[in-house]
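Here is the structure we will look at, set down as structure tokens.
Hydrogens, waters and symmetry mates are skipped; everything else that's a heavy atom, side chains included, is used. Note on naming: letters A, B, ... go to the chains in the order of the sequence lines (proteins, then strands), and numbering restarts at 1 for each one. Being a predicted model, the structure only gives us computed values, none of them experimental.
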Protein chains: 2
Amino acid sequence: MQRALISMMAEWCKPAGRVRGVLLDISGVLYDSGEGGGIPITGSTEAVKRIKEANLKVRFCTNETQATRETFVEKLRHLGFDIALNEVFAPAPAVRQILKERGLRPHLLVHDGLLPEFNEIDQSNPNCVVIGDAADNFSYKNLNKAFQVLIGLEKPVLLSLGSGRYYKETDGLKLDVGVYMKALEYACDIEAEVVGKPAKMFFLSAVSDMGLEPDQVIMIGDDIVNDVGGAQQCGMKAVQVRTGKYRPCDEQHPTVKADGYVDNLAHAVRILLEHPH
Amino acid sequence: MQRALISMMAEWCKPAGRVRGVLLDISGVLYDSGEGGGIPITGSTEAVKRIKEANLKVRFCTNETQATRETFVEKLRHLGFDIALNEVFAPAPAVRQILKERGLRPHLLVHDGLLPEFNEIDQSNPNCVVIGDAADNFSYKNLNKAFQVLIGLEKPVLLSLGSGRYYKETDGLKLDVGVYMKALEYACDIEAEVVGKPAKMFFLSAVSDMGLEPDQVIMIGDDIVNDVGGAQQCGMKAVQVRTGKYRPCDEQHPTVKADGYVDNLAHAVRILLEHPH
């Protein structure tokens with residue numbers, strides 16, 4: 001009975017291909033953000049180390065847009081994580097690429113900490129709006145300004161760095177960029193283009209960077225829609241941790257069912273490494 | 001030819017019943033709001049006077065929620081309008097009624113100017129959220145607080161004082177409450193209950209207050225969806241003015257077609273009074 005239970009719980013770590021790599025969400029999986037930089041989730045620094053020692057490939061796939069990738073990685077290293085800049089996939093570098101390819105000049109509604117990512121980008125006479133998790137910068141005045149830019153364009157283009165509803169900080173749940181994306185969509189009667197999770201291209205670029213196929217990779221995240229659902233749509237197995245923004249009702253989500261639910265990242269890694277790969 | 005044109009333009013003022021009353025939107029029809037109280041739209045003070053002199057009944061049907069009804073009416077009188085308190089239908093008194101009937105204790109996310117409307121309402125231990133056009137009070141912090149109240153309720157109840165996308169102030173278009181309603185709907189995966197236009201009950205209570213039937217009343221507004229579409233769904237004819245938030249593309253709206261388009265309120269009243277009723 002015990003054995004049957006363990007086996008059932010661990011179905012997710014037996015994808016069609018042998019597991020060769022892991023994609024990890026960061027906020028709510030590695031750590032909870034908040035005042036003073038946030039705090040690591042119990043066992044997570046050790047879990048990342050164990051993944052690497054087991055010679056599994058790993059990439060970190062985040063919708064974090066409150067800081068440049070450099071600053072963000074530095075913070076995580078400071079919190080004790082073994083993480084390198086080129087292992088982290090974040091929306092800002094992805095949107096920079098899009099802006100360049102399409103000749104778009106953004107009006108930015110983002111966190112002050114993200115601004116340096118756009119230093120080289122022409123922002124004069126804007127012909128699109130880019131929004132990220134701007135937090136306190138989501139004032140009425142700033143949202144109104146972004147709206148006025150959009151409504152003044154013949155074909156309004158809104159690029160959203162993620163579409164999350166909320167995330168967990170150490171002092172509670174906080175509204176995420178998706179909420180303001182929806183607000184601007186409604187105001188202008190348009191549909192935003194999402195850069196970052198759950199966009200397929202975003203997951204696939206991280207998988208491809210490991211030299212793997214989606215069925216060789218497991219996604220571990222705390223967001224049932226953007227982490228789990230997004231990764232599954234790319235052909236990965238995906239597990240939800242019961243940390244971060246996880247809520248028990250996620251396990252009865254109307255459209256997304258995770259391949260497994262685990263207490264936290266350490267639990268996921270324990271199961272993963274108990275199974276030969 | 002000239003006669004045919006006039007006749008075609010004026011179809012809207014020949015409803016099935018004889019026209020006995022007029023419902024007027026206020027912001028964008030009577031005046032444009034803004035710094036210093038706003039400015040009357042050319043010809044509007046005179047137009048209201050002419051409606052009353054012609055013995056047409058009139059009610060003002062507004063989604064204005066930046067001030068108490070008393071303060072709002074006083075401002076309009078100061079701008080030169082012949083308008084009385086009991087002629088004005090606004091969302092705050094309507095939502096007060098709902099709160100009382102259903103035993104709801106609101107967390108308020110509204111303009112400071114509206115707060116006195118809720119003086120008598122128990123706001124302890126809130127079991128619902130009421131949002132109005134809070135303007136600068138729509139800070140990240142305040143929206144997040146409203147979200148946290150909602151997400152903490154077993155059955156989140158969100159009452160929205162209107163669902164407008166934007167309105168026009170003297171210095172440009174401004175985001176309206178509907179945008180933040182959509183934001184909270186998305187954040188909590190719920191549907192708000194709209195109090196005010198375009199809710200049927202709201203229009204019908206104003207019509208009933210005149211002692212008339214919907215087909216005896218013409219609605220005149222600048223919002224193609226909330227004024228025109230809402231009134232039409234109640235069986236009224238409805239005309240859009242080319243003032244306030246009007247935009248030329250409104251005349252090709254995918255789902256709502258006004259019964260007529262006029263340059264402004266004065267123009268509408270001129271046509272109305274040229275036809276015997």
Side-chain angles (χ1 to χ4, degrees), chain A residues 66 109 111 131 133-152 154-156 160 162-169 171-190 192 224-226 245 247-250 252-256, chain B residues 66 109 111 131-152 154-156 160 163-169 171-190 192 224-226 245 247-250 252-256:
Chain A
Q66 288 203 356
L109 177 46
H111 198 281
I131 54 168
D133 170 18
D136 287 327
N137 277 352
F138 279 132
S139 64
Y140 182 68
K141 194 176 155 203
N142 287 346
L143 197 67
N144 215 58
K145 178 64 192 154
F147 159 68
Q148 287 170 346
V149 169
L150 283 171
I151 203 86
E154 198 181 341
K155 290 206 170 181
S160 184
S163 60
R165 295 166 193 262
Y166 52 84
Y167 51 88
K168 194 187 171 196
E169 293 211 324
D171 61 344
L173 297 178
K174 298 293 169 72
L175 291 170
D176 199 0
V177 60
V179 170
Y180 290 89
M181 174 191 87
K182 285 289 167 188
L184 289 174
E185 283 186 342
Y186 179 70
C188 305
D189 201 12
I190 58 172
I224 184 70
V225 172
N226 291 300
K245 79 180 79 173
R247 300 199 303 156
C249 61
D250 291 346
Q252 275 81 45
H253 193 278
T255 57
V256 183
Chain B
Q66 288 204 355
L109 177 46
H111 198 281
I131 54 168
D133 170 18
D136 286 328
N137 277 352
F138 279 132
S139 64
Y140 181 69
K141 194 176 155 204
N142 287 347
L143 197 66
N144 215 60
K145 178 66 192 151
F147 158 68
Q148 287 170 345
V149 169
L150 283 172
I151 203 85
E154 199 182 341
K155 289 206 170 180
S160 183
S163 60
R165 294 166 193 262
Y166 52 83
Y167 52 88
K168 193 187 171 197
E169 293 211 322
D171 62 344
L173 298 178
K174 298 292 169 72
L175 291 170
D176 199 0
V177 60
V179 169
Y180 290 88
M181 173 191 87
K182 286 288 167 187
L184 288 175
E185 283 187 340
Y186 179 70
C188 305
D189 202 12
I190 58 172
I224 185 69
V225 172
N226 292 299
K245 78 179 82 172
R247 299 199 305 155
C249 61
D250 291 346
Q252 276 82 46
H253 193 278
T255 57
V256 183

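Note on A:D176, A:L184, A:L175: by heavy-atom pairs under 4.5 Å with chain B, the leading option is A:L175. Interface remark: of the candidates B:A187, B:G164, B:G172, B:A187 forms the most heavy-atom pairs closer than 4.5 Å to chain A. Of the listed residues (A:G178, A:A134, A:S139), the one with the most heavy-atom contacts under 4.5 Å to chain B is A:G178.
Nearest heavy-atom pair across A:I151 and B:R247 is CG1-NH1, 3.4 Å. When every heavy atom of A:D136 is checked against every heavy atom of B:Y140, the shortest pair comes out as OD1-CD2, 3.5 Å.
Interface residue A:Y180: only side-chain heavy atoms are found under 4.5 Å from chain B. For a residue to count as touching a neighbouring chain, one of its non-hydrogen atoms must lie under 4.5 Å from one of that chain's; by this rule B:F147 touches chain A with the side chain only. Both the backbone and the side chain of A:D189 come within less than 4.5 Å of a heavy atom of chain B.
B:N144 contributes no side-chain N or O that, together with a main-chain N or O of A:K174, makes up a donor-acceptor pair within less than 3.5 Å.
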